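Report on one structure; see the data block that follows.
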Amino acid sequence: MTTRTSWADLAANSAAENVGVGSSSDSIKVAGSTSGGGRPAYVPPHLRNRPLSVDPPAPTSSGPASSNDRPGQGGSSWAAARNGYNNRSGYGGSGVRGWGGRSGGWDRGRDREVNPFGNDDDTEQAFSEQENIGINFDAYEDIPVETSGDNVPPPVNTFAEIDLGEALNLNIRRCKYVKPTPVQRYAIPISLAGRDLMACAQTGSGKTAAFCFPIISGIMRGPVPQKPLRARTVFPLALMLSPTRELSMQIHEEARKFSYQTGVKVVVAYGGAPINQQLRELERGVDILVATPGRLVDLLERARVSLHMIRYLALDEADRMLDMGFEPQIRKIVEQMDMPPPSVRQTMLFSATFPREIQRLASDFLANYIFLAVGRVGSSTDLIVQRVEFVQESDKRSHLMDLLHAQRANASQGKQALTLVFVETKKGADSLEYWLCMNGFPATTIHGDRSQQEREQALRSFKSGATPILVATDVAARGLDIPHVAHVVNFDLPNDIDDYVHRIGRTGRAGKTGLATAFFNDNNSSLAKSLADLMQEANQEVPAWLTRYAARSFGGRNRRPGGGRFGSRDFRRDSSFNRGGSDYYGGGNNAGGYGGGYGANVASSWD
DNA sequence: AAAAAAG
């Protein structure tokens, strides 16, 4: 019963820190102010753009100041939309783009760029009173970083050292990014140098910005492309692929912020949504296309999109994109359509975990690439308390109920903290959701059998706190940034430790503590070893019974030969990489840039 | 074996 008590406490604490669930905000962000005196907390950069005050970002000297830049408030034009090298005209059949020189407030027509920062103010203000999360950049100093490859460009320490262009710099300020994160410090100079990149890094640490900034900047500086004239076919210059629709939407939203008033047009295309609207967006011109593979293939086969002019290719969650299910599709897009070869385009792959086999596949897409692994001090994982409980299948529901009751009992302000429950199957998700609702716990569910509308509605309803419990399959495991998730429950454990890592990474974000509870039973014995190792490395309490399980079970794919390590080592440095060995992860024992304290599976909350 | 991704 002691464990039960500690659960309740943990859940309550986690809940207490996460009660700031807004009533209607879809994008909750944290204060970018100084620490409240607590222990240093890591705040992902994309969560830092919460205004410090009601005032808009300080205008720069480059243009006349305006008190606000929201649409409908008149023709503010303080961001230099045309800044020297950016004189791109509307190609792709869209006519002239009119963002820069708009005249008045009446022209909210098709060429009016909606301010992606505009809608945040009201909701953000409400949160600024409740939260005071600090950004601890000192923690970065200790982060182990490994680079390999020829002539690796040196990292930078500030955005000022990088010449990204004035419009982009302005957006960086609007996002309240003060200083580049480690992955940005390394990846941006590498990308600006035109090099291909394979990077291990977490989404939450500014990964999206790390590949967006150089791409946007490169497009702005690059020559205005002479695109082939082909009716109804568009020729994007950059392609960003991701494994789920929601993640593509998220990347699109981020990229829109970064490219605001740069003249660079970002369009998203994914399945499950009416294609006609996406086609219309494309026809209005596209520089950066964010897409999921299926819809993109559709567009390519209809010849509505051509990859002929692609200069930049970015794969997010690259290890997922190249796993068994996705690989043929990705290969088709990258190798069998009209995309320029690796030596002509610039390719960037990002993922938290890079299994050796995936690295091998990925290297087909790259030319003389640089491998980058940005580690993280162990303390970051301390933000997530991991618990494992032995629960038989038949007891799972009542066990979950106990957890939820404890959370509810301890919830402050009557506001239930957000709980994300992962299950193995879509059917299981529906059935658990139904059961929870029947038992008085407002829940919703997200999985691949639901319509896209239902999926998006579920996510909104969860984020807003209307249904503070979200039952999800692995569709929600990767990359999604859902603020205020206090508790991740692995109702069914995944078969792959990497999936576990991605799942628990949905909590413990934005410097908040998070709790991750896993239900373990005989069905999960193959995961025992890797789970125990992972928890051990993250300084978590490993139950004795789990250690016993780990000792006697062999976990197939999850086993890490040679003691295993976090999969962030360049497989090219492995002398055995061309022998076709069966190692899942590249690797020897701590042979690389990571010291001893950074061993197996410390990937933890990485995306 | 399941999930995701086109319709």
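It should be emphasised that the depicted structure is a prediction, and the values quoted were computed from it without experimental measurement. Chain A is the first sequence line, chain B the second, and so forth, proteins listed ahead of strands; every chain is numbered from 1.
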Contact class for A:Val297 (heavy atom, under 4.0 Å): base, sugar-phosphate, or nothing?
-> nothing

Mind calculating the distance between CG (A:Asp323) and C1' (B:dA1) to the nearest angstrom?
-> 14 Å

Counting side-chain heavy atoms from C-beta on, which of B:dG7, B:dA3, B:dA5 comes nearest to A:Asp298?
-> B:dG7

Length of the CZ-P vector between A:Arg503 and B:dA3, whole Å | 11 Å

Select base, sugar-phosphate, or nothing to describe what A:Gln329 touches, counting heavy atoms under 4.0 Å on all strands.
-> base

Separation of B:dA3 atom P from A:Asp319 atom CG, nearest Å, is 19 Å

A:Arg455 CZ to B:dA4 P, straight-line distance once rounded to whole Å = 7 Å

Between A:Thr244 and B:dA5, is there a side-chain N or O to OP1/OP2 distance below 4.0 Å?
-> no

Between the side chains of A:His487 and A:Thr507, is a donor N or O closer than 3.5 angstrom to an acceptor N or O?
-> no

Is the phosphate of B:dA2, meaning OP1 or OP2, less than 4.0 Å from a side-chain N or O of A:Lys427?
-> no

Taking only the side-chain heavy atoms of A:Lys426 (C-beta and beyond), determine which of B:dA5, B:dG7, B:dA4 contains the nearest atom.
-> B:dA4

Give a yes-or-no answer on whether the side chains of A:Gln452 and A:Arg245 include a donor-acceptor pair shorter than 3.5 Å.
-> yes

Indicate, with a heavy-atom threshold strictly under 4.0 Å, whether A:Arg302 touches base, sugar-phosphate, or nothing.
-> nothing

Report the distance from atom CD1 of A:Ile275 to atom P of B:dA5, rounded to the nearest whole Å.
-> 15 Å

Expressed in angstrom and rounded to an integer, what is the separation of A:Asp499 atom CG from B:dA4 atom P?
-> 12 Å

From OG (A:Ser351) to CZ (A:Arg320), nearest 0.5 Å | 9.5 Å

Rounding to a whole Å, what distance do you find between A:Met240:CE and B:dA5:C1'?
-> 20 Å

Spacing of A:Met321 atom CE relative to B:dA4 atom P, expressed in whole Å | 15 Å

What distance separates A:Phe258 CZ from A:Phe213 CZ, expressed to the nearest 0.5 Å?
-> 4.5 Å

Among residues two or more places apart or on two chains, list those pairs meeting salt bridge (Lys or Arg N to Asp or Glu O under 4.0 Å) that have a residue in residues 436-459 of chain A.
-> A:Glu246-A:Arg455, A:Lys426-A:Asp449, A:Arg450-A:Glu454

Give A:Gly448 one of three labels, base, sugar-phosphate or nothing, depending on what nucleic acid heavy atoms sit under 4.0 Å from its own.
-> sugar-phosphate

From the candidates B:dA5, B:dA3, B:dA4, the one with an atom nearest any side-chain atom of A:Arg245 is B:dA5

Using a cut-off of 4.0 Å on non-hydrogen atoms, how would the nucleic acid contact of A:Arg320 be classed: base, sugar-phosphate, or nothing?
-> nothing

Is there a side-chain polar atom (N or O) of A:Arg450 under 4.0 Å from OP1 or OP2 of B:dA3?
-> no

